[in-house]
> 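Pasting in a structure now, in structure tokens, and then I'll have a few things to ask.
Below, each value reflects all heavy atoms present in this structure, side chains not excepted, and no hydrogens, waters or symmetry copies.
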Amino acid sequence: MPSAGDGSAKPRTPRQNSTKSKTPIESNDPPLVLPPHSRPESPDSRVSSARSRRTDPAGLITDLTRLKEITHDDRIQSPTYRKLLGDFGSEELPQTAYHARLEPDGLEPRDTVFFGGDIEGRLQEVEDDIEDIEDELDAEFGEDLDNISSIGSDEEARAAEYDTDLEVDADKLIFPERYDHDTSGRSAYLKKCEEIGVQPITFFMKHMQDTQLVMKYHSLGPQGMKAIAKPLEVNTVIEKIDLEGNYILGEGATYLTKVLRENVYVTELVLCDNKIGNDGAQAICELLSENKTIIHLNLTGNDIEDSAAEAFYEMLTRNASIKTLMLRHNKFEDVGAQWFHDSMNENVTLETLDLSFNRFQNKGCVLLAQALKDNVGLKYLDISMNGFGLEGARALEGALKENKYLTDLNISYCRIPDEAAVHIAGGLQHNDTLENLNIGYNPMKEDGADKILTAVQVNQNSVLKVLDFGVLMVKKSFKQMEEQLAQERGMKTLYGGVLPDCPRTKLRGDIDAMKLLMMRDPMAKLKAYVEREGYRMIDLLKSFDKDNSFTISLEELKEGVKKCNIDLSDPQISQLMRQLDKDGNGEIDFSELLQGNDELILKKRAAKKIQQAFDQRKSLEETQLEAKAEPKSYMSMIDS
């Protein structure tokens with residue numbers, strides 16, 4: 001027998017493992033030929049695998065034969081070994097395809113032997129023979145057989161280890177989902193983008209591990225939202241999602257809600273100006289009926305109508321965790337007001353509700369005001385730019401008397417007439433919790449402002465800190481009360497200016513409401529600069545935004561104003577910041593800037609109305625004076 005070291009040993013075809021089958025193979029089937037191994041094994045590598053084949057007698061016989069060639073161990077010629085070869089001789093080989101390639105060293109491979117006869121019985125006999133052989137081998141070789149696997153060089157061990165790695169890598173290529181442990185969701189996002197045919201967004205991949213995902217105005221659309229939603233399934237880092245201005249529609253909102261249903265990390269969801277409509281709003285409400293982690297929801301500017309108001313009622317009655325609900329600039333009307341009325345009566349945890357710039361008329365505003373009587377949760381309510389009128393003001397009087405929880409109320413631009421001021425004053429005279437009241441830009445006159453401020457002065461339990469009348473012109477008596485309240489209580493009162501008492505001054509027309517607005521309102525000055533230079537407001541914001549965060553801090557605002565030489569002092573810049581920073585986070589974003597621009601338009605309209613009313617009154621007074629006075633004295637008074 002040639003030695004293993006001379007290289008003359010004929011390479012053998014390794015035995016192919018196959019799964020035992022209990023299905024008989026018909027005798028007329030074509031012969032099964034097992035393919036030869038594509039690479040001959042070296043003697044040493046064959047020896048090193050002996051231990052791993054102890055459960056395979058056929059392979060073990062071959063390895064022991066090669067072991068004899070290498071070690072020249074006489075024990076391999078023992079009766080046990082001869083019995084092993086005898087039990088598997090050429091005439092009595094088990095008739096299974098499993099052992100078809102077993103042959104002694106140096107002989108040509110035998111022809112394939114196939115199943116025949118009682119297959120199940122024969123398989124059982126083979127298994128019994130295997131167990132007997134294993135017992136005899138253990139008794140004969142003992143520890144030497146266990147040590148066979150230790151034969152071989154370190155280099156061969158490393159090679160074997162390398163082969164194993166290649167097998168795992170191959171599995172990764174075939175079954176990547178089994179080995180994908182990317183908790184960031186990056187690979188899932190790229191795969192989803194490729195699947196639906198959208199361009200991956202670098203900004204998203206760069207910031208998907210931040211605690212706040214702020215992607216404003218990135219033109220996602222429904223399909224882009226679908227791609228982004230996929231990695232959010234495994235993301236455990238993001239706490240705030242702000243996708244303002246991406247036009248995801250109701251379809252995109254539905255994709256997002258599906259992955260956030262079980263998410264316990266996201267606490268704030270901002271979907272402003274995405275036009276999600278009624279379908280998207282209903283999907284969001286269904287989400288929050290199950291998900292109790294999201295406590296701040298902003299759906300400003302999404303064309304949501306009355307038909308979705310019931311969904312908000314269902315959500316608010318089931319969800320006892322939500323704190324903030326922003327629904328400004330939508331299309332709710334009086335039918336929706338009824339659902340919000342019922343919601344405010346049943347929900348006791350909602351603290352901030354913004355329903356401004358909707359379409360509530362007298363009936364709807366009365367319902368919302370009545371809901372404040374029994375509500376014990378709301379602290380901030382904004383229902384500005386709706387149609388309160390006189391009836392709504394009457395209902396609000398009862399609400400201010402009964403409610404003991406509301407601290408901030410905005411009823412500006414609500415068409416509250418001067419005769420309704422007595423009802424607002426009646427409510428404030430008995431209220432001891434309200435801290436901020438914005439009643440500006442209503443068709444109210446100086447007499448109405450006098451009544452409201454007098455009620456606050458009379459109420460010794462009032463905690464009012466800010467009272468905003470917008471650009472309303474007030475009397476000198478109002479000015480005196482305002483100064484006294486500022487000194488005694490630290491209360492701040494905002495108004496347009498003080499009316500002079502002299503009729504002659506009125507006739508000379510010294511009051512210009514629009515000019516006064518341009519002088520006092522920093523947003524008006526900013527707008528005037530933009531129009532003069534031919535910019536858009538959003539372009540100006542981008543020029544101020546140095547860190548590309550799509551927001552402006554107070555420092556960036558000051559630096560930008562000074563760089564552009566805008567006529568604003570530091571106090572006015574600070575006032576502008578407070579005026580535009582609606583959510584109070586210390587930064588101005590695009591939506592807040594646009595909102596400030598909308599409010600400026602309304603202020604200009606109010607200033608024009610005030611000017612028209614003043615001019616009409618002036619004309620009337622001139623007519624009355626002309627009728628009473630002699631022509632000469634009248635003309636001398638005009639010229640003086």
> Side-chain contact test, heavy atoms from C-beta onward, threshold under 4.5 Å: evaluate it for Ile322 versus Leu288 and give yes or no.
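Yes - at least one pair of side-chain heavy atoms lies under 4.5 Å apart.
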> So how far is it from Leu350 CG to Thr324 OG1, rounded to the nearest 0.5 Å?
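The distance works out to 7.0 Å.
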> Taking side-chain contact (heavy atoms from CB on, under 4.5 Å) as the test, write out the residues that go with Asp334, two or more places apart.
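Phe360, Gln361, Lys363.
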> Heavy-atom distance under 4.5 Å between the side chains of Phe357 and Asn330, does that happen here?
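A side-chain contact under 4.5 Å is absent here.
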> For the backbone of Ile304 and the side chain of Asn278, can you confirm whether one donor and one acceptor N or O come within less than 3.5 Å of each other?
no
> Backbone N or O of Leu327 within a donor-acceptor pair of the Asn358 side chain at under 3.5 Å?
yes
> When you check the side-chain N and O atoms of Ser477 and Asp450, is any donor under 3.5 Å from an acceptor?
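Ser477 vs Asp450: donor-acceptor pair found between side chains.
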> Which heavy-atom pair separates Lys292 from Ser289 by the least distance, and what is that distance?
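In terms of heavy atoms, the two residues are closest at NZ-O, 2.7 Å.
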> Before you tell me yes or no, could you show the steps for Gln338 and Asp342 under side-chain hydrogen bond (donor to acceptor under 3.5 Å, both in side chains), namely the whole-Å CA-CA distance, both residues' side-chain angles and the distance that decides it to 0.1 Å?
CA-CA 6 Å; Gln338 181 66 61; Asp342 298 342; 3.2 Å; yes
> Going through the distances and angles, do Met225 and Leu256 end up as a side chain to side chain contact (heavy atoms under 4.5 Å, CB included)?
CA-CA 7 Å; Met225 184 70 258; Leu256 181 62; 3.8 Å; yes
> Would you confirm whether Asn235, through its side chain, and Met208, through its main-chain N or O, come within 3.5 Å as a donor-acceptor pair?
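Yes, the answer is positive, given that a donor and an acceptor are paired below the 3.5 Å cut-off.
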> Could you check whether atom OH of Tyr405 has more than 12 heavy atoms from other residues, nucleotides or ligands sitting under 6.0 Å from it?
no
> Before we go on, tell me: are the rings of Phe340 and Phe332 under 6.0 Å apart, centre to centre?
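Judged by ring-centre distance (under 6.0 Å), Phe340 and Phe332 do meet the cut-off.
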> Distance from Lys275 atom NZ to Tyr247 atom OH, nearest 0.5 Å?
7.5 Å
> Donor-acceptor check, side chain of Asp418 to backbone of Gly448, threshold 3.5 angstrom: yes or no?
yes
> Grab the two heavy atoms, one from Asp447 and one from Lys475, that are nearest each other, plus how far apart they are.
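Closest pair (atom of Asp447, atom of Lys475, distance): OD1-NZ, 2.5 Å.
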> Has the side chain of Tyr413 got a donor or acceptor atom that lies under 3.5 Å from a matching backbone atom of Gly440?
no
> Do Leu557 and Ile588 have side-chain heavy atoms sitting under 4.5 Å apart?
yes
> With heavy-atom distances below 4.5 Å as the criterion, would you say the side chains of Leu467 and Lys492 are in contact?
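No, every pair of side-chain atoms sits at 4.5 Å or beyond.
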> For Leu355, does its backbone N or O pair with a side-chain atom of Asn386 as donor and acceptor, under 3.5 Å?
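Here the side-chain-to-backbone pair exists.
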> Applying side-chain contact (heavy atoms from CB on, under 4.5 Å), name anything that partners Ile241, two or more places apart in sequence or on another chain.
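side-chain contact (heavy atoms from CB on, under 4.5 Å) list for Ile241, sorted by chain: Leu232, Ile238, Leu243, Leu260, Val266, Leu269.
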> Is any side-chain heavy atom of Ile248 closer than 4.5 Å to a side-chain heavy atom of Pro222?
no
> Could you please spell out the steps behind the side chain to side chain contact (heavy atoms under 4.5 Å, CB included) verdict for Lys451 and Leu428?
CA-CA 10 Å; Lys451 294 174 184 177; Leu428 292 175; over 6 Å; no
> Under the 3.5 angstrom rule, does the side chain of Asp273 hit a backbone N or O of Gly245 as a donor-acceptor pair?
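No: the side chain of Asp273 does not pair with the backbone of Gly245.
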> The criterion is side chain to side chain donor-acceptor pair (under 3.5 Å); which residues satisfy it with Tyr217, sequence neighbours excluded?
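Expected list: Glu244.
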> Walk me through it: do Asp306 and Arg359 pass the test salt bridge (Lys or Arg N to Asp or Glu O under 4.0 Å)?
CA-CA 10 Å; Asp306 273 353; Arg359 299 177 179 179; over 6 Å; no
> Would you say the side-chain atoms of Asn274 pair up with the backbone N or O of Leu249, donor to acceptor, closer than 3.5 Å?
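Judged by distance alone, no pair lies under 3.5 Å.
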> Looking at every heavy atom in both Asn431 and Leu400, which two are closest together, and how far apart are they?
ND2-O, 2.9 Å
> Can you list the residues that meet the side chain to side chain donor-acceptor pair (under 3.5 Å) rule with Glu397, with sequence neighbours excluded?
Lys401, His423
> If you round to the nearest 0.5 Å, how far is NZ of Lys323 from CD of Glu268?
14.5 Å
> Can you find a pair of side-chain heavy atoms, one from Thr293 and one from Asn263, that are under 4.5 Å apart?
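Counting from C-beta outward, Thr293 and Asn263 never come under 4.5 Å.
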> Charged N to carboxylate O below 4.0 Å: is that the case for Arg261 and Glu290?
yes
> Side chain to side chain contact (heavy atoms under 4.5 Å, CB included) for Phe388 and Ile383? Distances and angles first, verdict last.
CA-CA 9 Å; Phe388 263 76; Ile383 44 179; 3.0 Å; yes
> Do you know which two heavy atoms are closest between Leu472 and Lys445, and how far apart they sit?
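Looks like CD2-O, 3.8 Å.
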> May I have the step-by-step check of side chain to side chain contact (heavy atoms under 4.5 Å, CB included) for Ile276 and Glu251, ending in yes or no?
CA-CA 8 Å; Ile276 66 174; Glu251 181 183 354; over 6 Å; no
> Hey, could you give me the CG/CG distance between Asn403 and Leu396, rounded to the nearest 0.5 Å?
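Answer for the CG-CG pair, Asn403 versus Leu396, is 10.0 Å.
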> Salt-bridge test for Glu555 and Lys558: reply yes if a basic N is under 4.0 Å from a carboxylate O, no otherwise.
no
> If every non-hydrogen atom of Val422 is compared with every non-hydrogen atom of Glu419, which pair is closest and at what distance?
CG1-O, 3.4 Å
> Taking OH in Tyr529 as the centre, count heavy atoms belonging to other residues, nucleotides or ligands within less than 6.0 Å. Is the count above 12?
yes
> Restricting to side-chain contact (heavy atoms from CB on, under 4.5 Å), what partner residues turn up for Ser356, sequence neighbours left out?
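Partners of Ser356 under the side-chain contact (heavy atoms from CB on, under 4.5 Å) test: Arg328, Asp354, Asp382, Ser384.
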> Applying the side chain to side chain contact (heavy atoms under 4.5 Å, CB included) criterion to Cys285, which one of Arg318, Glu314, Met315 satisfies it?
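Option passing the side chain to side chain contact (heavy atoms under 4.5 Å, CB included) with Cys285: Met315.
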> Give the minimum heavy-atom separation between Val198 and Ala227, together with the two atoms involved.
CG2-CB, 4.0 Å
> Hey, is Asp408 close enough to Lys379 for a salt bridge, meaning N to O under 4.0 Å?
no
> For the atom pair CZ (Phe204) and NE2 (His218), what is the distance rounded to the nearest 0.5 Å?
11.0 Å
> May I ask you to check whether Phe478 and Phe469 place their ring centers less than 6.0 Å from one another?
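Centroid distance Phe478-Phe469: below 6.0 Å, so yes.
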> From the options Ile294, Asp279, Leu299, Asn291, select the one residue that forms a side chain to side chain contact (heavy atoms under 4.5 Å, CB included) with Ile284.
Leu299
> Does some side-chain heavy atom of Asn347 sit less than 4.5 Å from a side-chain heavy atom of Asn375?
no
> Which distance, rounded to the nearest 0.5 Å, do you find between the CD1 of Ile295 and the OG of Ser321?
8.0 Å
> Write out all pairs satisfying side chain to side chain donor-acceptor pair (under 3.5 Å) with one or both partners inside residues 452-468, taking only residues at least two apart or from two chains.
Gln457-Gln484
> Taking the side chain as everything from C-beta on, heavy atoms only, tell me whether Thr352 gets closer than 4.5 Å to Leu325.
no
> State whether a side-chain donor-acceptor pair under 3.5 Å links Tyr255 with Lys230.
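No, because no side-chain N or O of Tyr255 sits under 3.5 Å from a partner of the opposite role on Lys230.
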